[in-house]
There are 2 protein chains.
Amino acid sequence: MVDDVDRKLIRILKENSRLSYVEIGKKIFLSPSSVRERIKKLEDTGVIKAYTLNINENLLGNSLEVFIMLKIFSGKFKTVISEISSYAEVKEAYRITGQHNVHMRVALKDQLHLQQFIDKLVTFGEPTTHLILSKVGNS
Amino acid sequence: MVDDVDRKLIRILKENSRLSYVEIGKKIFLSPSSVRERIKKLEDTGVIKAYTLNINENLLGNSLEVFIMLKIFSGKFKTVISEISSYAEVKEAYRITGQHNVHMRVALKDQLHLQQFIDKLVTFGEPTTHLILSKVGNS
DNA sequence: TTTGAAACCGAAAAATT
DNA sequence: AATTTTTCGGTTTCAAA
């Protein structure tokens, strides 16, 4: 279904998803049209979910990046989760198992902004916060 | 420095980083050449760090996705971190504050694979594992 | 008033789809 | 064959000199 060439394509696109089919083809000695067909199939079958972007949040004025895990109060996940993931500060969010229900990566201007953000979260559950020091590797 | 138009460009590229300059320009009523100039500047100044990819790990044969936080044994972060981020299973890794030193998102074939992976990690530190149930929103 | 920098546009050649 | 990318010259704006 997904063979070795597909995995190479995925690896290449993970490094740079804006490469042209020609450039991708050169890297694996495959014609542009073959590259295109394979990538289209990966998109259509849902293997590739989205093409996206990594941002330097500091340069956008967000000097703090944190993980926040939230232990949501009784029951109503659905509303809390959709509310939370609508916040501009929340860059990613996952439902997880364990002590907490939600794990999110959040970008914030400064300490005051963090405090205000946590004040909002405490109406939904108990948050636990970890500062992000750096991203490691390009795994 | 980064104005409102730039923020729109970033929002658009975050949704789909493979859009053409023409398509991006239509969305914000800007010529393709201007779109290109602005995006190039965002790349050159480092605001845009990378164009990348979201993958459905299940369809690649990885039925488990987990967060693992690691409390690394004495001192030598550097080697441990570079070792860890070289593993194919590790999709992202961050240095963080708190009880643990590293936070990573890991994709694995099955429970046995997870067990073997944890067995490797315990030589470096104390791991704590949380299953990922689902990704929420498209934040 | 002039100068220079920054942003935008349109047209044409080169490259990609 | 059609579309997109790339390059480049020209225009406008704005603020500093």
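Per chain, numbering begins at 1; letters A, B, ... match sequence-line order.
In this structure, B/Arg38 pairs ionically with B/Asp3, as a charged nitrogen and a carboxylate oxygen lie closer than 4.0 Å.
Residue B/Arg36 places none of its side-chain N or O atoms closer than 4.0 Å to OP1 or OP2 of D/dT5. Distances shorter than 4.0 Å separate some side-chain N or O of B/Tyr21 from OP1 or OP2 on D/dT6. Proximity of B/Lys41 to the phosphate of C/dA7: a side-chain N or O atom is located under 4.0 Å from OP1 or OP2. For B/Ser34 and C/dA7, the shortest distance from a side-chain N or O to OP1 or OP2 is not below 4.0 Å.
If you measure from atom CD1 of B/Ile39 to atom P of D/dT4, you get 14 Å, rounded to the nearest angstrom. One can place CE of B/Met1 at 16 Å from P of C/dA5, the figure rounded to the nearest angstrom. Atom CD of A/Glu37 is separated from atom C1' of C/dT16 by 16 Å (rounded to the nearest Å). Taking atom CD1 of B/Ile24 as the reference point, atom P of C/dC9 lies 14 Å away to the nearest angstrom. Between B/Arg38 atom CZ and D/dT6 atom C1' the separation is 19 Å, expressed in whole Å. The distance from atom CG of B/Leu9 to atom C1' of C/dC8 is 13 Å, rounded to the nearest whole Å. The separation between A/Leu19 atom CG and C/dA15 atom C1' is 15 Å, rounded to whole Å. Distance NZ (B/Lys40) to C1' (C/dA6): 16 Å, rounded to an integer number of Å.
In the model, B/Tyr21 has no side-chain atom that pairs as donor or acceptor with a side-chain atom of B/Glu37 under 3.5 Å. When only modelled atom types and interatomic distance are considered, B/Thr52 and A/Thr52 share no side-chain donor-acceptor pair under 3.5 Å. Checked by atom type, the side-chain pair B/His113/B/Glu89 shows a donor-acceptor distance below 3.5 Å. Under the 3.5 Å distance criterion, with hydrogens and angles disregarded, no donor-acceptor pair is assigned to the side chains of B/Glu92 and B/His103.
Residue-level contact check: B/Ser33 touches the bases, meaning some heavy atom is under 4.0 Å from a base atom. Contacts of B/Ser31 with the nucleic acid, taken as non-hydrogen atoms under 4.0 Å apart, include base atoms.
Considering only the side chain of A/Val22, C/dT17 comes nearest among C/dC9, C/dT17, D/dT4.
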